[in-house]
Amino acid sequence: MTADESAKFFEDGMTVGSSGFTRGGDTKVVLKAVAERAKTEDLKLTLVTGASLGHGTDAALVESGALKKRLPFQVDTVMRKNINAGNLLFIDQHLGESAEHILNGQFKIDLGILEVAEILEDGSLVPTTSIGNNVEIVKSAEKLIIEINTTIPTNIKGIHDIYNVEEYGKRTPINITTIDTKIGTETIKVDPSKIVGIVFHDIQDMPGDIQPADDATIAIAQNIVKFFEKEVEEGRLTKSLMPLQCGIGKVANAVLGGLENSDFEDLVMYSEVLQDSTFDLIDSGKMKFASASSMTVSQECYDRVINNIENYKDKIVLRPQSISNSAEVIRRLGIIGINTSLECDIYGNVNSTHVSGTHMMNGIGGSGDFARNAYISIFVTSSIAKGGNISSIVPMVSHTDHTEHDVDIIVTEQGLADLRGLAPRERAIEIINNCVHADYQGELLSYFERACAERGGQTPHILEEAFSWHTRLKETGSMKKESLFALK
Ligand code: COA
């Protein structure tokens, strides 16, 4: 049927599950048709996906008023604006946990929409460039609409490892012991009677917009490479490191890029998104294997990989996000997790999501799944933002996504703070000495010293002053102390 015909299955108040994980394998025509319908009819849906969608679908849905609630992640500027204006409810959820909420019925899916490469004769589905929450959506949905993407070569079959997590009480270990272990099937089994519509399209994934590395991201990458080299020297890591997880964005790409010109070899990755830098490392022979839930790459990289998918079948695997982000597997494999923060504080607590403690940026994504369970949990950030008016290291974070207990290393372009084995008062000195921009270092040290002398405690703070940098930013447009004097 056409996308417009399929849009008729949507009813006000429904919970809808869709494929799509950071643009990869998202549904591309049905939800757009739903947005059109919502312009003239009352339609308020709850939308559950793997992660963010591409092609402006999230913006189209929110602008037409089609959404009441969205989870578990988004990166869209229009959606962000509506969330922060209170027009759209948003549940910011660990990506490794959202499958649980579908399976336990908290988000019972009325209607599921899945992009696939083909439907096999036995009725099973061959996914495209992501798996996300597709397995649980198929299981939970009362009805399913299938989008067949005719641009995806059917020999993509074989890069997926589909695994059904059993219900509690009957759950067995997820038996992944090396990153290339496959434990499931190549396709998603589906009850054909659930399928109410099939829509064809020929739209590729929206390419990732990878920002080129700048001086700060290159310096951050170099600091991490130096840290790895020291870990090898001291015998805690080998030249092939441990399985890498890298968040999305230019820093993550720069870090992986930095590994390309290093002495490290036989690298492997256990992450949630495969980016350009992953395929560059695979093509240069530096990386042996990469496991994730999705691929989000530039057009050039997409063409290189999708048109030659046969060459990558023994080098990559895409898994459900309940597996790529499984605490059990991450802990077993010993992952080096590298994620990005908006701000962190002197004790190593990290805010990745809320600007000035209130306004949603994107969401926690999978960073929490990895940070808590990683062998080494690294957070990266530039030491300053907005032309230096914001210090990314503050006395106390204005929102906490990752507590000090889940943060081993903080890296800025200034340097690296190794917090392992340090108590809070030692952590503060390590962070202030190594990561803070010179414009803010003196004031931060003064804050810490006064907190120790005047208030004491295991984690000293002057509570009435702890957010003074954020209030100064709100009042003057800058966290710098001079900006307050200038105002007076
Ligand atoms: N206060 C306010 N704004 C800040 C800030 C702070 N402390 N630190 C950074 N910003 C702004 C930047 O100025 C930039 O704004 P702009 O878009 O207007 O230029 C924006 O935040 C993004 O920062 P940038 O330095 O370009 O980093 P990024 O693109 O790598 O994004 C995060 C950083 C934290 C927003 C992003 O990594 C994220 O959403 N992380 C959470 C999810 C996650 O970790 N996923 C990984 C597993 S999926």
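Numbering of ligands and ligand atoms starts at 1, following listing order.
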Among all protein heavy atoms, pick out the one at the shortest distance from [atom]; state its residue, atom name and that distance to 0.1 Å.
atom                    : result
atom 44 (O) of ligand 1 : S367 CB, 3.4 Å
atom 15 (O) of ligand 1 : K386 NZ, 3.0 Å
atom 4 (C) of ligand 1  : L342 CD2, 3.9 Å
atom 11 (C) of ligand 1 : M361 CE, 4.1 Å
atom 36 (C) of ligand 1 : N362 ND2, 4.0 Å

Ignoring hydrogens and geometry, is there a side-chain-to-backbone donor-acceptor pair from [X] to [Y] under 3.5 Å?
X    : Y    : value
E147 : V30  : yes
S377 : A374 : no
R425 : G457 : yes
N133 : E136 : no

Nearest atoms (heavy-atom pairs only) where K286 meets E260 = CE-O, 3.4 Å
Protein non-hydrogen atom found under 4.0 Å from [atom]:
atom                    : value
atom 17 (O) of ligand 1 : no
atom 39 (O) of ligand 1 : yes
atom 27 (O) of ligand 1 : no
atom 24 (P) of ligand 1 : no
atom 31 (O) of ligand 1 : no
atom 8 (N) of ligand 1  : yes

Heteroatom distance test (G365, ligand 1): nitrogen or oxygen, under 3.5 angstrom = no
Test salt bridge (charged side-chain N to carboxylate O under 4.0 Å, His left out), reference R70, set D92, D76, D58, output is D58
Geometric class of the F448/Y347 ring pair [parallel <30°, tilted 30-60°, perpendicular >60°] | perpendicular
Is ligand 1 less than 4.0 angstrom away from at least one heavy atom of G363?
-> yes
Under 4.0 Å, heavy atoms only, figure out whether ligand 1 is touched by the backbone of [X], its side chain, both or neither.
X    : result
E272 : side chain
N339 : side chain
I390 : side chain
V251 : neither

